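Inspection log for the structure reproduced underneath, given as structure tokens.
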Amino acid sequence: MTTHPSPATTPAGEARAARGSRVLVLNSGSSSVKYQLLDMRDSSRLAVGLVERIGEETSRLKHTPVADGRTRERTGAIPDHDAALKAVAAELARDGFGLDSPELAAIGHRVVHGGKRFTEPTVIDDAVLAEIERLIPVAPLHNPANLTGIRTARALRPDLPQVAVFDTAFHTTMPESAARYAIDVETADAHRIRRYGFHGTSHAYVSRATADLLGRAPEDVNVIVLHLGNGASASAVRGGRCVETSMGLTPLEGLVMGTRSGDMDPAVIFHLMRVGEMSADEIDNLLNKKSGLVGLCGDNDMREIRRRIDEGDERAKLAFDIYIHRLKKYIGAYYAVLGRVDAVAFTAGVGENAAPVREAAVAGLEELGLVVDGELNAVRADRPQLISPEYARVAVAVVPTDEELEIATQTYALVEKSE
Ligand code: ADP
């Protein structure tokens with residue numbers, strides 16, 4: 001009988017055993033840090049948490065070890081990201097998941113803007129940090145916070161591989177015809193103005209999971225992904241590659257969102273400047289924070305909007321109709337871009353939960369092969385499921401997104417590969 005050496009006795013196995021199988025995923029915002037610790041042997045979650053209101057007196061840390069599900073909450077000033085990450089490390093250590101553990105293989109960071117250059121997840125070194133910094137002018141709200149998170153995590157564990165997973169990366173396959181605005185080319189290039197797209201980690205994950213659900217390879221399937229959260233974006237994915245997406249230079253373009261306007265005649269801005277005497281910052285704030293559903297009816301939560309519609313509220317009804325009208329336009333446009341559509345997948349908070357949105361978005365599109373089955377659509381599932389009847393030419397699906405798992409998977413794969 002031949003005996004095979006166990007993995008741990010081979011040199012590669014030793015390296016693997018030494019590296020461990022856990023990945024910490026960090027999503028650093030300007031005043032918050034969301035995190036999850038995953039075990040990549042079975043993609044399970046070990047702990048999840050959130051630090052909010054960093055820099056204020058009333059900071060709050062919420063930490064849940066998945067094993068017992070008991071959330072621990074701590075309030076009190078957490079002055080900066082360094083203190084936030086140290087507090088997170090202390091909570092993790094209490095559960096036996098200290099950041100100094102050899103079980104921790106890597107830290108995966110969500111980075112919002114990777115420009116044209118970052119087409120894939122990337123191991124972070126000084127040059128990568130400098131490039132993310134160079135992109136601050138096109139992502140002033142997000143990249144500085146992401147950088148702070150990365151620098152803090154590197155200082156805490158300088159020896160550990162840290163990987164940047166970019167929200168824009170999945171969209172870098174868009175052809176120039178989709179990525180360029182029809183404005184003067186020299187001006188556009190001088191200021192790096194083009195359509196980058198966001199939510200890429202989610203669009204990548206959901207388009208692949210949709211192919212899985214159909215029992216087909218991603219290369220063989222054309223999918224329209226509708227990521228409808230508080231932020232919302234659509235993408236057209238041909239054979240696993242993104243060919244068009246609705247967000248642009250910033251996450252403002254495209255669909256009607258919770259607080260963002262989405263598409264609009266750009267001349268509205270000059271009008272508000274000249275006639276409304278508003279400053280650029282005021283208009284920025286108006287279009288990003290006070291528009292979309294909240295601007296139209298005062299609420300950005302789809303549950304509340306549906307409740308108001310049920311009570312006969314006209315403003316809520318109009319807001320819903322505008323939201324659906326835009327969504328439908330994008331489904332039609334992306335159908336035309338793709339030529340053949342195998343599936344339309346709904347995801348994120350609204351897409352996964354709001355059956356009336358799914359029903360209304362697809363209503364009247366029978367000629368395109370799109371139909372939703374009322375009974376299937378009413379079921380709330382936490383796994384990917386079809387909501388179209390069997391006879392439908394195009395599958396309509398609800399596919400829960402999992403950006404943290406996707407970041408962890410990409411991070412771990414990269415660390416394994418670079419070994
Ligand atoms: P983001 O990550 O962009 O902050 P999410 O994907 O978590 O957002 O989506 C949040 C939104 O999902 C909420 O604002 C709300 O409109 C919607 N939502 C969440 N749960 C439900 C539900 N049960 N029914 C309808 N809409 C829901």
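These numbers come from a predicted model, not from an experiment. One-based numbering, in listed order, for ligands and for the atoms of each. Hydrogens, waters and symmetry mates play no part in the numbers below; they use all other heavy atoms, side chains included.
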For L252, does its backbone N or O pair with a side-chain atom of T250 as donor and acceptor, under 3.5 Å? yes

Can you tell me which residue among R208, R383, R45 is in a salt bridge (charged side-chain N to carboxylate O under 4.0 Å, His left out) with D402? R45

Apply the side-chain contact (heavy atoms from CB on, under 4.5 Å) test between I387 and each candidate in D373, V398, V371; give the one that qualifies. V398

What residues come within 4.0 Å of ligand 1, counting heavy atoms only? G229, N230, G231, N300, D301, M302, R303, A348, G349, V350, N353, A354

Using a 3.5 Å distance criterion without hydrogens, assess whether the side chain of E359 forms a donor-acceptor pair with backbone atoms of G374. no

Could you tell me whether the side chain of H227 reaches within less than 4.5 Å of the side chain of E403, counting heavy atoms only? yes

Closer than 3.5 angstrom, by distance alone: can the side chain of D313 be matched with the main-chain N or O of R315 as a donor-acceptor pair? yes

